[in-house]
**Student:** 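Dumping the structure here so I can ask a few things about it.
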Amino acid sequence: MEKICVVGLGYIGLPTSAIFARAGYNVLGVDVSERVIEKLNRGEIHIEEVGLPEIVKQVVNEGKLRASVTPEEADVFIIAVPTPIHEDLTANVDYVISATKAIAPYLKKGNIVIVESTIPPRTMDDVVAPILREQGFDTEKDLYLAHCPERVLPGRILIELVENTRIVGGTTPEAAKQAADVYRKIVTGDVIETEAVTAEMSKLMENTFRDVNIALANELAKISQRLGVDAHKVIELANKHPRVNIHHPGPGVGGHCLAVDPYFIVEKATEEAKLIKLSRDINNSMPHFVTTQVHRLTAELDQPRVAVFGLTYKGNIDDVRESPALEIVEMLLDNKRYDLKVYDPHVQQEQVEFPLSSFEEAVKDAHLVVVLADHNEFKSLNGEELASLMRTPVVFDTKNCTNLDEEQLTVYRIGNLMNLKSIQE
């Protein structure tokens, strides 16, 4: 194995390309975006990830990584393209289909084809393999087809690509072994071989487990509001039991995995996946729950100035995919009563369709700050500074991440709204 072709240079494909290139392989990264290609060939990146700029610059300068809009012949092909959902909540595997068709003319017997994109169960067997058979390949003898789902956390991708256990599911046992050996070149954790459908389902269930747990916490937040209980205190005490680990409530669930993957299971087993679907519904209801609390807090004001802090689906990254914060902002913008300012130190203006403000612009004369992402910048907010700039020093922390002095400001948290009062001028 000398050359690897990675199709898709996003949040997974680009770090994967960089890691293999750093290990000494010749890597070609393929993407449909000319801008991405041009930046990468200059040794620059288009996403935010800790440590990635330095590695990319190094391997590009060494000639180990280059980019193109067109695939080339290689020993290993890795597909790492998005798999979003359609409006009817069914999986959109069009990018996987396009990528498979794009590499087909460059395949030769003995090649390894790995799909890292998160996909519904049986996609390798029912979608990818038939495309390659149509190109004249015997997918049980000529090629080694496998699914190896990414299992990394944004902000730690370069670490976890190497250290995490990898699950490799082949369409045949030999395909699983051949693909697993690719990852054994760079992974220090375990590399486990299994069937393709098992690997597909295991990735989906990892994220579904978390989504269901978050839904339980979010439902607890709603119940606690009705009953006058502090949900955060309830969770803290319940988690002292050695077999209990309840997550914390929040403004919803976002990202390319947790907010999407459970639907891939629901699509394939609608009648059976009742709990999974209900959990998605609960988490999807949280943006409305948050905006309702904003309405309650500002009910006595004619034109409240509200500062939204954070647009990404998790802290310290620039990824806004499926972020509930975007939905919350859109809901607030639709209500012409609000004078809304939005601030996120990790997001660029071209990523969103509404204007972004600086910290000072957002906070100046604000009646309310709504924290929607747990960036480090928000964890270390200065209460005295906020209080001096705001018209009414009130903070609604939906991520339970701020450490503000509550003698300087009034702070409400999403799981503790029992004493919520409307802001008075």
Side-chain angles (χ1 to χ4, degrees), residues 1-82 95-96 99-100 102-103 106-108 110-117 144 146-168 178-189 191 256 317-319:
M1 185 182 76
E2 295 182 357
K3 185 174 179 180
I4 300 173
C5 178
V6 178
V7 182
L9 294 174
Y11 288 92
I12 300 302
L14 181 52
T16 297
S17 300
I19 289 293
F20 275 109
R22 186 177 65 178
Y25 298 101
N26 295 312
V27 180
L28 175 72
V30 177
D31 201 275
V32 296
S33 170
E34 290 278 5
R35 182 182 70 88
V36 170
I37 298 303
E38 290 172 3
K39 291 194 74 168
L40 185 56
N41 283 330
R42 293 197 303 265
E44 303 170 2
I45 67 172
H46 63 289
I47 60 176
E48 181 177 317
E49 180 58 38
V50 177
L52 187 59
E54 296 82 0
I55 294 179
V56 166
K57 183 176 181 179
Q58 173 190 336
V59 294
V60 169
N61 288 341
E62 292 173 350
K64 289 297 183 181
L65 174 62
R66 58 189 177 87
S68 171
V69 294
T70 307
E72 297 175 3
E73 288 190 357
D75 302 301
V76 180
F77 292 82
I78 297 176
I79 294 173
V81 295
Y95 296 117
V96 173
T100 305
I103 66 173
Y106 304 93
L107 292 174
K108 56 185 183 294
N111 279 171
I112 301 167
V113 178
I114 301 167
V115 176
E116 285 204 3
S117 308
Y144 302 108
H147 176 52
C148 181
E150 57 86 7
R151 310 170 79 209
V152 294
L153 182 69
R156 287 179 48 85
I157 291 178
L158 295 177
I159 297 171
E160 297 196 356
L161 278 177
V162 174
E163 296 181 358
N164 284 9
T165 296
R166 297 303 294 258
I167 298 171
V168 182
Q178 291 288 335
D181 285 344
V182 172
Y183 291 97
R184 290 185 176 113
K185 304 287 187 180
I186 61 166
V187 172
T188 60
V191 180
H256 62 295
I317 62 171
D318 66 346
D319 195 347

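For the numbers below, each heavy atom of this structure counts, side chains included, while hydrogens, waters and symmetry mates do not.
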**Student:** If only atom types and distance count, is the side chain of T165 paired as donor or acceptor with the main-chain N or O of G189 below 3.5 Å?
**Tutor:** no
**Student:** Would you check, one step at a time, whether the test salt bridge (Lys or Arg N to Asp or Glu O under 4.0 Å) holds for K3 with E73?
**Tutor:** CA-CA 8 Å; K3 185 174 179 180; E73 288 190 357; over 6 Å; no
**Student:** Between CD1 of I55 and CD1 of I45, what distance do you get to the nearest 0.5 Å?
**Tutor:** 10.0 Å
**Student:** What's the separation between atom CG in L161 and atom CZ in F20, rounded to the nearest 0.5 Å?
**Tutor:** 9.0 Å
**Student:** Can you tell me if K39 has over 12 outside heavy atoms packed within less than 6.0 Å of its NZ?
**Tutor:** yes
**Student:** Does a side-chain heavy-atom distance below 4.5 Å link I4 with L28?
**Tutor:** no
**Student:** Does a side-chain N-to-carboxylate-O contact under 4.0 Å join R66 and E72?
**Tutor:** yes
**Student:** Drop me the distance from I12's CD1 to S17's OG, to the nearest 0.5 angstrom.
**Tutor:** 11.0 Å
**Student:** How far apart are the closest heavy atoms of A102 and P71, and which atoms are they?
**Tutor:** O-CG, 3.7 Å
**Student:** Rounded to the nearest 0.5 Å, what's the gap from CD on E49 to CG on D319? Could you check?
**Tutor:** 10.0 Å
**Student:** How far apart are the C-alpha atoms of E62 and R22, what are their side-chain angles, what is the distance that settles it, and do they pass the salt bridge (Lys or Arg N to Asp or Glu O under 4.0 Å) test?
**Tutor:** CA-CA 9 Å; E62 292 173 350; R22 186 177 65 178; over 6 Å; no
**Student:** If every non-hydrogen atom of A21 is compared with every non-hydrogen atom of L65, which pair is closest and at what distance?
**Tutor:** CB-CB, 4.0 Å
**Student:** Where the side chain of H46 meets the backbone of V36, is there a donor-acceptor pair that is under 3.5 Å apart?
**Tutor:** no
**Student:** Closest approach of A18 and V59, non-hydrogen atoms and distance?
**Tutor:** O-CG1, 4.2 Å
**Student:** Evaluate whether atom NZ of K185 has more than 12 neighbouring non-hydrogen atoms of other residues, nucleotides or ligands under 6.0 angstrom away.
**Tutor:** no
**Student:** Taking V191's backbone N and O only, do any of them form a donor-acceptor pair with R184's side chain (distance below 3.5 Å, no angle check)?
**Tutor:** yes
**Student:** Is V50 close to R156 at the side-chain level, that is, under 4.5 Å between some pair of heavy atoms?
**Tutor:** no
**Student:** Would you call V30 and C5 a side-chain contact if the rule is heavy atoms closer than 4.5 Å?
**Tutor:** yes
**Student:** Answer yes or no: is there a donor N or O on one side and an acceptor on the other, between the side chain of D318 and the main chain of E48, under 3.5 Å?
**Tutor:** yes
**Student:** Is there a side-chain contact between Y106 and N111 (heavy atoms, below 4.5 Å)?
**Tutor:** no
**Student:** Does a side-chain heavy-atom distance below 4.5 Å link H256 with E150?
**Tutor:** yes
**Student:** Among V7, V6, I37, exactly one meets side-chain contact (heavy atoms from CB on, under 4.5 Å) together with D31. Which residue is that?
**Tutor:** I37
**Student:** Has the side chain of K108 got a donor or acceptor atom that lies under 3.5 Å from a matching backbone atom of A74?
**Tutor:** yes
**Student:** Can you check side-chain contact (heavy atoms from CB on, under 4.5 Å) on E116 and T16, steps first, answer last?
**Tutor:** CA-CA 10 Å; E116 285 204 3; T16 297; 3.8 Å; yes
**Student:** Checking the side chain of Q178 only, and the main-chain atoms of Y144 only, is there a donor and an acceptor separated by less than 3.5 Å?
**Tutor:** no
**Student:** Between the main-chain N or O of A67 and the side-chain N or O of N41, is there a donor-acceptor pair closer than 3.5 Å?
**Tutor:** yes
**Student:** Answer yes or no: is there a side-chain heavy-atom contact under 4.5 Å between I114 and V76?
**Tutor:** yes
**Student:** State the OH-CD1 distance between Y183 and I78, to the nearest 0.5 angstrom.
**Tutor:** 4.5 Å
**Student:** When rounded to the nearest 0.5 angstrom, what distance separates CG in N164 from OG1 in T188?
**Tutor:** 8.5 Å
**Student:** Does the N26 side chain pair with the main chain of K64, one donor and one acceptor, at a distance under 3.5 Å?
**Tutor:** no
**Student:** Any side-chain heavy atom of Y11 sitting closer than 4.5 Å to one from P154?
**Tutor:** no
**Student:** Is there a side-chain contact between V162 and V187 in this structure, where contact means two heavy atoms from C-beta onward sitting under 4.5 Å apart?
**Tutor:** no
**Student:** Check the pair I157, L52 against side-chain contact (heavy atoms from CB on, under 4.5 Å), reporting the backbone distance first and the verdict last.
**Tutor:** CA-CA 9 Å; I157 291 178; L52 187 59; over 6 Å; no
